[in-house]
Structure formats: C-alpha cells, structure tokens
Amino acid sequence: MTIKEAQETVDQWIKTIGVRYFNELTNMAMLTEEVGEVARIIARRYGEQSEKESDKNKDLGDEMADVLFVLICLANQTGVDLTAALDKNLAKKTQRDATRHHENAKLK
C-alpha cells in the first residue's frame, strides 16, 4: 500500500465506520497517547526499564500502526499530502546532511 492509498483507505474507513473525524485537537491528543504507548514498549523491551508482565504481550507493530493511523487522520484533516511532504522532507535532509553523518565520528 502506498502512502496515498493509505490516506485514501483511512479516509474511507472514517467515513463508513468511524462516522466522522475527531477534531484536530482530539486527534493530536490521541497521537500523543499512541506515541506514548510505543515509547512504553520500547523503553521496557529495548531500554533499561524492566518489562511488566502486562506489557510482554503488547504488539509493537500494532501500536506503531495506531500512531500511523492517527497521523494519517491529521494529514487528511489538514490537507497534507503525506507522499509529497515526505518527498520534500527527504530532499531537505539529503541536501542538509549530504556529508554531515559521514563526517560524524560518533557514527563510525
């Protein structure tokens, strides 16, 4: 699925199953909540915190998909074409960081 197809699929889901988009502020709060759930898994599974028994069955991919879903909702609501935005962002990073990371001694 392309990013464009994902935006169209989420929009169709919202209109048929979700009834309507939550407002942008609600979705921003939901995005923060979902990112927090990803952070919790990462901190406990890959970081130094011990993983609680109740967290061991959490599906990291599913939580990341929740983040992506809400991010796509926000993009759809605000008229952002994520494909174009990502292309533009990668071009910016490529120009800005063309040699920066290769010259970073910390990355060698």
Side-chain angles (χ1 to χ4, degrees):
M1 179 182 302
T2 66
I3 296 171
K4 179 178 175 46
E5 290 169 339
Q7 282 193 254
E8 292 168 354
T9 299
V10 167
D11 190 59
Q12 206 48 246
W13 187 92
I14 292 292
K15 291 175 178 172
T16 59
I17 296 170
V19 181
R20 67 170 178 80
Y21 285 94
F22 294 124
N23 69 43
E24 295 84 353
L25 290 176
T26 298
N27 274 336
M28 187 62 229
M30 289 173 60
L31 179 61
T32 303
E33 179 183 356
E34 297 298 349
V35 168
E37 291 177 18
V38 169
R40 180 183 178 105
I41 293 171
I42 295 289
R44 285 168 170 72
R45 198 165 293 165
Y46 303 100
E48 296 174 345
Q49 287 187 325
S50 59
E51 192 168 25
K52 294 179 181 178
E53 199 59 42
S54 60
D55 291 335
K56 289 184 179 177
N57 292 323
K58 300 273 176 146
D59 182 342
L60 180 58
D62 186 55
E63 297 302 337
M64 287 180 172
D66 284 342
V67 169
L68 184 58
F69 182 88
V70 179
L71 181 65
I72 289 171
C73 285
L74 281 166
N76 287 351
Q77 290 175 275
T78 58
V80 172
D81 175 341
L82 285 172
T83 301
L86 183 59
D87 286 343
K88 182 178 176 183
N89 187 271
L90 284 170
K92 174 188 77 175
K93 284 175 172 41
T94 299
Q95 181 178 7
R96 180 190 68 203
D97 301 331
T99 60
R100 183 175 136 216
H101 298 302
H102 289 285
E103 294 170 355
N104 183 347
K106 294 177 186 178
L107 297 177
K108 294 182 184 197

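By the side chain to side chain donor-acceptor pair (under 3.5 Å) test, Glu33 is found to be paired with no residue, residues two or more places apart in sequence or in another chain being considered. Among residues two or more places apart in sequence or in another chain, the salt bridge (Lys or Arg N to Asp or Glu O under 4.0 Å) test is passed with Arg100 by Asp97. Not a single salt bridge (Lys or Arg N to Asp or Glu O under 4.0 Å) links Glu24 to another residue, sequence neighbours left out. Partners of Asn104 under the side chain to side chain donor-acceptor pair (under 3.5 Å) rule, at least two apart in sequence or in another chain, do not exist in this structure. Partners of Val35 by side chain to side chain contact (heavy atoms under 4.5 Å, CB included), not counting sequence neighbours, listed by chain and number: Leu31, Val67. Considering only residues two or more places apart in sequence or on other chains, Asp11 meets the side chain to side chain contact (heavy atoms under 4.5 Å, CB included) condition with Lys15, Tyr21, Asn76. Here Glu103 pairs with Thr99 under the side chain to side chain contact (heavy atoms under 4.5 Å, CB included) rule; sequence neighbours left out. Residues passing the ring-ring contact (aromatic ring centres under 6.0 Å, His included) test with Phe69, sequence neighbours excluded: Trp13. Thr26 pairs by the side chain to side chain donor-acceptor pair (under 3.5 Å) definition with Asn23, not counting sequence neighbours.
Hydrophobic cluster membership differs between Val19 and Leu25, with clusters built from Ile, Leu, Val, Met, Phe, Trp and Tyr side chains linked at under 4.5 angstrom. Both Met30 and Ile17 are part of a single hydrophobic cluster, where members link through side-chain heavy atoms under 4.5 Å apart.
For residues 58-74, there are no side chain to side chain donor-acceptor pair (under 3.5 Å) pairs, not counting sequence neighbours. Applying the salt bridge (Lys or Arg N to Asp or Glu O under 4.0 Å) definition to pairs two or more places apart or across chains, those involving residues 42-57 are Arg40-Asp55, Arg44-Asp55, Arg45-Glu51, Glu53-Lys56. Among residue pairs with one or both ends in residues 81-91, those qualifying as side chain to side chain donor-acceptor pair (under 3.5 Å) are Asn89-Lys93; sequence neighbours excluded.
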Discussion item. For a side-chain contact (heavy atoms from CB on, under 4.5 Å) check, start with the C-alpha distance between Glu8 and Lys4, then their side-chain angles and the critical distance, and finish with the verdict.
Written reply: CA-CA 6 Å; Glu8 292 168 354; Lys4 179 178 175 46; 3.1 Å; yes
Worksheet item: What do the steps show when you test Ile3 against Gln7 for side-chain contact (heavy atoms from CB on, under 4.5 Å), and what is the final call?
Response: CA-CA 6 Å; Ile3 296 171; Gln7 282 193 254; 4.2 Å; yes
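At least one side-chain heavy atom of Leu60 sits under 4.5 Å from a side-chain heavy atom of Met64.
Note that CD of Gln12 and CD of Glu5 are 13.5 Å apart. Values are rounded to the nearest 0.5 Å.
The number of heavy atoms from other shown groups lying within 6.0 Å of NE2 (His101) is above 12.
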